[in-house]
Amino acid sequence: MALKDSLTVAGHLTTAEVAALTGGSLVGPGDVSVAGVAPLDRAGPGDLSFVASSRYLPYLERSRAAAVLCKPEFANAPGGPAARIVTDDPHQALLAVLPVLYPEPAAVGGVHPTAVIGAGTRWDDPVAIGPHAVLGRGVRLGRGVRIGAGCVLGDGVQIGEDTRLHPQVVCYPGTVIGDRVILHAGVCLGSDGFGYVPGDAGTGHRKIPHVGRCVVGHDVEIGANTTVDRGSVDDTVIGDGTKIDNLVQVAHNVRIGARCIIMAQVGISGSCVIEDDCILAGQAGLAGHLTVGRGARVAAQAGVDRSVPPGTTVFGYPARERREAFRTLAAMNRLARIAGRLEDLVAEHGEDAR
Amino acid sequence: MALKDSLTVAGHLTTAEVAALTGGSLVGPGDVSVAGVAPLDRAGPGDLSFVASSRYLPYLERSRAAAVLCKPEFANAPGGPAARIVTDDPHQALLAVLPVLYPEPAAVGGVHPTAVIGAGTRWDDPVAIGPHAVLGRGVRLGRGVRIGAGCVLGDGVQIGEDTRLHPQVVCYPGTVIGDRVILHAGVCLGSDGFGYVPGDAGTGHRKIPHVGRCVVGHDVEIGANTTVDRGSVDDTVIGDGTKIDNLVQVAHNVRIGARCIIMAQVGISGSCVIEDDCILAGQAGLAGHLTVGRGARVAAQAGVDRSVPPGTTVFGYPARERREAFRTLAAMNRLARIAGRLEDLVAEHGEDAR
Amino acid sequence: MALKDSLTVAGHLTTAEVAALTGGSLVGPGDVSVAGVAPLDRAGPGDLSFVASSRYLPYLERSRAAAVLCKPEFANAPGGPAARIVTDDPHQALLAVLPVLYPEPAAVGGVHPTAVIGAGTRWDDPVAIGPHAVLGRGVRLGRGVRIGAGCVLGDGVQIGEDTRLHPQVVCYPGTVIGDRVILHAGVCLGSDGFGYVPGDAGTGHRKIPHVGRCVVGHDVEIGANTTVDRGSVDDTVIGDGTKIDNLVQVAHNVRIGARCIIMAQVGISGSCVIEDDCILAGQAGLAGHLTVGRGARVAAQAGVDRSVPPGTTVFGYPARERREAFRTLAAMNRLARIAGRLEDLVAEHGEDAR
């Protein structure tokens with residue numbers, strides 16, 4: 001059982017209830033009770049487990065789980081728990097079960113007495129503002145907002161309904177956040193962009209003032225310690241439904257569309273436009289002022305130095321269309337194997353031009 | 001208008017005043033009042049906008065801005081605001097206008113009652129120490145220092161005049177910071193370097209104590225969630241006027257010179273020396289104990305495995321002098337296109353040596 | 001002298017005591033007192049320095065250090081301090097000296113009055129809980145634990161004995177941490193993994209609940225601002241004695257074995273298995289669901305797209321066995337030099353197939 005022993009929250013289901021919840025069909029007893037979910041090899045007698053691939057059948061056979069969600073072909077596989085809920089997609093089925101077995105702990109509402117609240121800051125109850133949170137002047141929070149311990153919201157920050165900030169999020173002044181957003185610990189929104197007017201030789205760089213905002217849409221999730229700079233004059237914008245992983249860098253004036261997936265440690269340089277439904281895989285980097293067209297994909301670690309047309313996938317450094325990049329890579333590997341003989345051929349024809 | 005609506009600060013200028021401030025020449029009325037700056041397509045009737053390239057002329061034509069800063073060739077471009085301030089470099093001109101229209105909010109001086117101040121800590125008034133900040137023993141702050149909410153300064157930290165720490169900066173004990181430095185949220189200075197004496201097979205790695213300091217010069221800016229380790233015995237040093245972006249890693253004993261530009265997610269391994277006026281572009285990585293010579297540039301995502309001579313630009317992985325690296329890349333792409341025919345040629349001469 | 005002037009801790013040794021501590025042999029006076037350690041060029045008259053390579057002999061000659069640790073061949077090198085402690089490995093010898101000259105400041109025990117402690121939280125004295133720390137409900141701390149200023153521990157977090165959290169560490173609910181662990185500032189453990197069920201075209205991604213834990217073994221050290229996600233159903237696990245540098249990303253369900261070394265800015269995707277004694281160098285990235293076999297090494301910036309056999313070293317992008325990767329790189333560089341002639345050869349044989 002995963003998290004349960006350390007939390008006081010509780011939930012349990014009978015196998016018949018699991019079948020009803022997931023739309024699966026029950027094989028074996030319907031009155032077995034489960035209170036947690038765990039992988040086959042670590043499940044105990046109070047746990048529901050799952051098997052979606054035949055390579056896990058040996059684990060099924062030895063599993064101590066109380067019941068399993070399984071594909072039709074495993075309904076009668078030998079050994080393991082007798083109670084089985086048969087469904088075409090056990091992982092999808094888990095999504096129906098998890099919120100019941102692991103209900104969110106009820107938010108502790110109200111404002112912790114150690115929170116510091118600036119003048120003119122207002123909210124629609126209920127909200128939860130954690131210990132040592134600091135809200136500046138003129139902050140606005142929608143109904144259902146939860147602010148974790150130690151968060152710092154600058155003057156004039158606006159946050160929509162049912163948005164949750166985990167501990168130690170920092171929002172610089174003027175940051176705007178939509179509804180149902182989740183910001184993980186250590187996220188920093190609205191810091192000054194990295195912009196300077198280069199000094200003459202030997203003199204210092206002059207900082208460009210940043211007066212644009214950082215604007216985050218609805219249903220966005222942003223991972224731990226990710227940073228999003230404010231715009232210089234215009235805003236930095238993250239569109240509705242976009243999900244951003246941990247330790248990502250989003251520079252000033254970037255505009256990210258809706259429903260993008262941006263994986264860990266990606267870096268997006270200033271003034272890039274990422275259109276809707278793009279996927280940027282881990283550690284990819286984008287040079288400044290590029291457009292990644294709607295639905296395009298950037299492979300992990302790719303280094304993007306020009307705009308990416310809609311719907312295409314790019315790969316490598318410098319990033320090129322995937323098939324072309326793979327073809328070049330494969331050709332390189334083949335040529336490397338015959339490099340010596342190619343050198344011999346050239347030597348034999350040594351009088352050639354060039 | 002960018003940030004203005006959410007803050008109480010205010011500033012406004014007439015178009016005649018904008019012309020005077022920027023050294024531009026006024027076309028059209030001099031008594032139009034502007035209170036903010038915005039891009040052409042988002043400017044409202046109280047905003048100053050700007051146009052530096054002909055590709056924005058369609059936006060100029062439709063702009064609702066009150067006035068624009070524009071290059072001489074656009075002084076009479078059709079449509080858009082009649083009030084124009086003509087200048088050779090509208091972006092540079094903005095730098096003169098922004099601080100007037102967006103004055104820094106006056107710092108709230110004094111020590112917030114929730115701050116915790118250690119024994120022997122002293123400062124020169126005025127300073128501003130925010131809510132929940134924690135200062136250890138023997139900390140020294142210069143005049144004009146601002147410490148954001150939730151910052152933690154270890155014992156013996158020294159900070160020069162007019163330096164600003166945004167919220168949740170952590171300085172480990174003994175860290176030294178110069179004048180007019182800006183540290184963004186979540187910066188960590190002076191954490192232990194990553195150094196161990198390898199254990200024998202099966203035994204643990206032994207931690208090398210780190211007793212050097214992290215020393216930051218004057219006029220440095222460091223971006224959000226960047227980390228700079230302390231030195232092992234010697235110090236880690238960041239030179240005057242150097243600017244570091246978000247999520248950068250600077251390892252122990254690194255010495256960075258003056259006026260360097262280090263972009264987001266760069267990683268600098270232990271004991272590297274970065275001389276004055278270098279530029280390291282985003283996601284570049286440097287192996288340990290290298291020197292990057294004065295004025296050298298490292299391209300984005302480059303992987304540097306040897307020292308870089310002064311004034312050169314390196315590119316790729318492993319990083320090589322840029323022209324050489326580009327030549328190799330271009331040759332590879334050309335050869336990939338004829339790989340099949342090269343294989344045929346080798347097959348025809350199959351009896352060759354090697 | 002490195003950190004000493006800014007801290008109140010103190011320690012000093014005579015040169016005879018240094019010789020005894022390090023097992024070295026004394027040359028010159030045994031009654032010289034040292035109170036700090038510094039490199040040759042920055043050491044003052046109260047400092048011990050060290051010389052392990054002949055390229056530092058010019059610095060030795062001019063050094064103002066009180067004494068040096070040196071290799072046997074430098075015992076009588078001209079100039080510099082007369083007091084020398086001769087040892088085969090001066091760096092190793094430093095490890096014996098540093099803890100005496102730089103004793104850890106005594107931890108300030110007890111619970112700071114500004115800390116917020118949830119119901120049912122318990123510990124074994126002595127512990128130290130810093131200012132503004134926030135502990136949820138049902139937290140358990142072992143004897144000797146130190147929690148830095150501003151740390152936030154969610155409900156049910158468990159921490160073993162003598163573990164130290166530097167300021168502003170966040171542990172999400174249910175996180176489990178072993179004995180003698182060191183977590184640097186800004187570390188985030190147990191945040192939700194990056195998992196969504198893709199929405200149909202135009203509809204949103206649905207968040208997969210994460211109910212697994214983040215479990216950290218004994219003797220682990222984790223660098224500043226590093227993030228480790230919790231598991232989805234299973235746990236994310238970091239094995240005993242593993243050391244992780246700054247700004248590393250460890251995704252959900254990853255299992256890292258014992259005594260691994262994971263350098264700065266590495267990214268490990270979901271469900272990877274890193275077996276014991278592996279080394280992942282800086283900025284390396286691993287795709288999901290891979291296994292890195294026991295004792296394997298991944299070079300800096302490598303992009304790993306398939307599992308790595310035990311004991312091998314991989315390099316490049318996509319990462320391949322090191323010798324093979326180097327051979328390919330070398331062949332590419334040689335072919336690039338004759339690309340023009342190879343094109344000529346192909347042109348001369350233009351009638352070939354393909």
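Proteins get letters first, then strands, A, B, ... in listed order; numbering begins at 1 in each.
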Item to check | Between C/Arg206, C/Lys207, C/Gln249, the one whose heavy-atom pairs under 4.5 Å with chain A are most numerous | outcome: C/Gln249

Checklist entry - Without hydrogens or angle criteria, can the side chains of A/His184 and A/Glu221 be said to hold a donor-acceptor pair below 3.5 Å? => result yes

Item to check | Interface residue of largest heavy-atom contact number with chain C, from A/Ile182, A/Ile244, A/Thr242, under 4.5 Å | outcome: A/Ile244

Item to check | Which portion of A/Asp219 sits near chain C, non-hydrogen atoms under 4.5 angstrom | outcome: neither

Next on the checklist: Once you measure the plane-to-plane angle for A/Tyr59 and A/Tyr56, does it fall in the parallel (<30°), tilted (30-60°) or perpendicular (>60°) bin?
Outcome noted: tilted

Next on the checklist: Between C/Glu324 and chain A, with a heavy-atom cut-off of 4.5 Å, which part of the residue counts as in contact: side chain, backbone, both or neither?
Outcome noted: neither

Checklist entry - So what's closer than 4.5 Å to chain A heavy atoms on C/Leu247: side chain, backbone, both or neither? => result both

Item to check | Between C/Asn253 and C/Ser232, a side-chain donor and acceptor under 3.5 Å | outcome: yes

Item to check | Charged N-O contact under 4.0 Å between C/Arg213 and C/Asp235 | outcome: yes

Next on the checklist: Whether the C/Thr227 and A/Asn225 side chains hold a donor-acceptor pair (N or O, under 3.5 Å, no angle test) is what I'd like checked.
Outcome noted: no

Checklist entry - Tell me, side chain or backbone of C/Ala336 under 4.5 Å from chain A's heavy atoms, or both, or neither? => result neither

Checklist entry - Does a side-chain N-to-carboxylate-O contact under 4.0 Å join C/Glu343 and C/Arg341? => result no

Checklist outcome for this item: Okay, C/Asp192 and chain A: the region with an atom under 4.5 Å from a heavy atom over there is both

Item to check | C/Ala133 portion near chain A, given a 4.5 angstrom heavy-atom threshold | outcome: backbone

Next on the checklist: Quick check on the interface: out of C/Ser269, C/Gly267, C/Ser191, who has the most heavy-atom pairs with chain A under 4.5 Å?
Outcome noted: C/Gly267

Checklist entry - Using the ring of each side chain (for Trp, its six-membered ring), is A/Phe326 parallel, tilted or perpendicular to A/Phe315, with breaks at 30° and 60°? => result perpendicular

Checklist entry - Quick one: what part of C/Val215 sits under 4.5 Å from any heavy atom of chain A, side chain, backbone, both or neither? => result neither

Next on the checklist: As a quick check of understanding, evaluate ring-ring contact (aromatic ring centres under 6.0 Å, His included) for A/His91 and A/Phe50, giving each step before the final call.
Outcome noted: CA-CA 8 Å; A/His91 288 117; A/Phe50 50 96; 5.7 Å; yes

Checklist entry - Picking from C/Gln265, C/Arg327, C/Arg140, which has the most non-hydrogen pairs under 4.5 angstrom with chain A? => result C/Gln265

Checklist entry - Where does A/Ala149 contact chain C at under 4.5 Å (heavy atoms): side chain, backbone, both or neither? => result both

Checklist outcome for this item: Answer key: most heavy-atom pairs under 4.5 Å with chain C among A/Pro131, A/Gly241, A/Gly130 is A/Pro131

Next on the checklist: Can you classify the ring geometry of C/His132 versus C/His112 as parallel (below 30°), tilted (30 to 60°) or perpendicular (above 60°)?
Outcome noted: tilted

Checklist entry - Thinking salt bridges, do C/Asp305 and C/Arg320 make one under a 4.0 Å N-O criterion? => result yes

Checklist outcome for this item: Okay, A/Leu335 and chain C: the region with an atom under 4.5 Å from a heavy atom over there is both

Next on the checklist: Counting only non-hydrogen atoms closer than 4.5 Å, does A/Ile279 touch chain C with its backbone (N, CA, C, O), its side chain (CB onward), both, or neither?
Outcome noted: neither

Checklist entry - Is there a donor-acceptor contact under 3.5 Å from the side chain of A/Arg180 to the main chain of A/His218? => result no

Item to check | Most chain A-contacting option - heavy-atom pairs closer than 4.5 Å, from C/Leu329, C/Val139, C/Ile338 | outcome: C/Ile338

Checklist outcome for this item: Applying a strict 4.5 Å limit to non-hydrogen atoms, the region of C/Val176 in contact with chain A is neither

Next on the checklist: Is C/Arg337 in contact with chain A via its backbone, its side chain, both, or neither, using a 4.5 Å heavy-atom distance?
Outcome noted: neither

